[in-house]
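See below for the structure under consideration.
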Amino acid sequence: MIQSLNLQAFILRSRVLKLYRQALRISGRAPSHTRAELRCEIRQEMEKNRDCNDKQRIRFLISEGLERLKGLDEMLDMQGH
């Protein structure tokens, strides 16, 4: 059964997917011995919230994810990766 999305749900879904792709790209800069574990953790976080339908909660999770991603990016920059 195909579920139709309204415009707001479609936009939220695209933001979540964009966050996921950004996280995977940044994880590629991590040291090779931690890269697989980091990608697994990213995937687990996404899967944990997969069935969330509360739009406000999804927006909160996106903003939290962006903050965590920013912190990871800065940490990798400081380490020279």
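Rounding to the nearest 0.5 angstrom, the gap separating the CG atom in Leu76 from the OG1 atom in Thr34 is 8.0 Å. One distance of note links CG of Asp73 with CZ of Arg25; it measures 12.0 Å at 0.5 Å rounding. Rounding to the nearest 0.5 angstrom, the gap separating the OG atom in Ser27 from the CG atom in Leu38 is 5.0 Å. Separation of atoms CG (Leu24) and CZ (Arg21) is listed at 9.5 Å; rounding is to 0.5 Å.
Take Glu67 and apply the side chain to side chain contact (heavy atoms under 4.5 Å, CB included) test, not counting sequence neighbours, and it matches no residue. Residues passing the side-chain hydrogen bond (donor to acceptor under 3.5 Å, both in side chains) test with Asp77 are Arg29, sequence neighbours excluded. Under the side chain to side chain contact (heavy atoms under 4.5 Å, CB included) criterion, Cys40 pairs with Gln44, not counting sequence neighbours. Under the side chain to side chain contact (heavy atoms under 4.5 Å, CB included) criterion, Ile11 pairs with Leu7, Arg15, not counting sequence neighbours. Here Arg50 pairs with Glu47 under the salt bridge (Lys or Arg N to Asp or Glu O under 4.0 Å) rule; sequence neighbours left out. Remark: Glu45 engages Lys48 in a side-chain hydrogen bond (donor to acceptor under 3.5 Å, both in side chains) (not counting sequence neighbours). Residues meeting the side-chain hydrogen bond (donor to acceptor under 3.5 Å, both in side chains) test with Arg68, sequence neighbours left out: none. Every residue meeting the side chain to side chain contact (heavy atoms under 4.5 Å, CB included) condition with Glu74, not counting sequence neighbours, appears here in chain and number order: Lys70. Contacts of Asn49 classified as side-chain hydrogen bond (donor to acceptor under 3.5 Å, both in side chains), with partners at least two apart in sequence or in another chain: none. Remark: Asp51 engages no residue in a salt bridge (Lys or Arg N to Asp or Glu O under 4.0 Å) (not counting sequence neighbours).
Using a 4.5 Å cut-off between side-chain heavy atoms of Ile, Leu, Val, Met, Phe, Trp and Tyr, Leu17 forms no hydrophobic cluster with any other residue.
The number of heavy atoms from other shown groups lying within 6.0 Å of CD (Gln22) is above 12. In this structure, Asn53 places its CG atom where only 12 or fewer heavy-atom neighbours from other residues, nucleotides or ligands lie under 6.0 Å away. Within 6.0 Å of CZ in Arg43 there are 12 or fewer heavy atoms belonging to other residues, nucleotides or ligands. More than 12 heavy atoms of other residues, nucleotides or ligands sit less than 6.0 Å from atom CD of Glu64.
For the pair Cys52 and Arg57, the tightest heavy-atom approach, listed with the atom from each and the gap, is SG-CG, 3.5 Å.
Linking ILVMFWY side-chain heavy atoms closer than 4.5 Å, directly or via other members, places Phe60 and Leu69 in two distinct hydrophobic clusters. Both Leu66 and Val16 are members of a single hydrophobic cluster when ILVMFWY side chains are connected at heavy-atom separations under 4.5 Å. Clustering ILVMFWY residues whenever any of their side-chain heavy atoms sit less than 4.5 angstrom apart, transitively, puts Leu61 in a cluster other than the one holding Phe10.
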Open item on the list: Run Leu12 and Ile62 through side chain to side chain contact (heavy atoms under 4.5 Å, CB included) and show every step you take.
Closed with: CA-CA 9 Å; Leu12 279 176; Ile62 290 170; 4.1 Å; yes

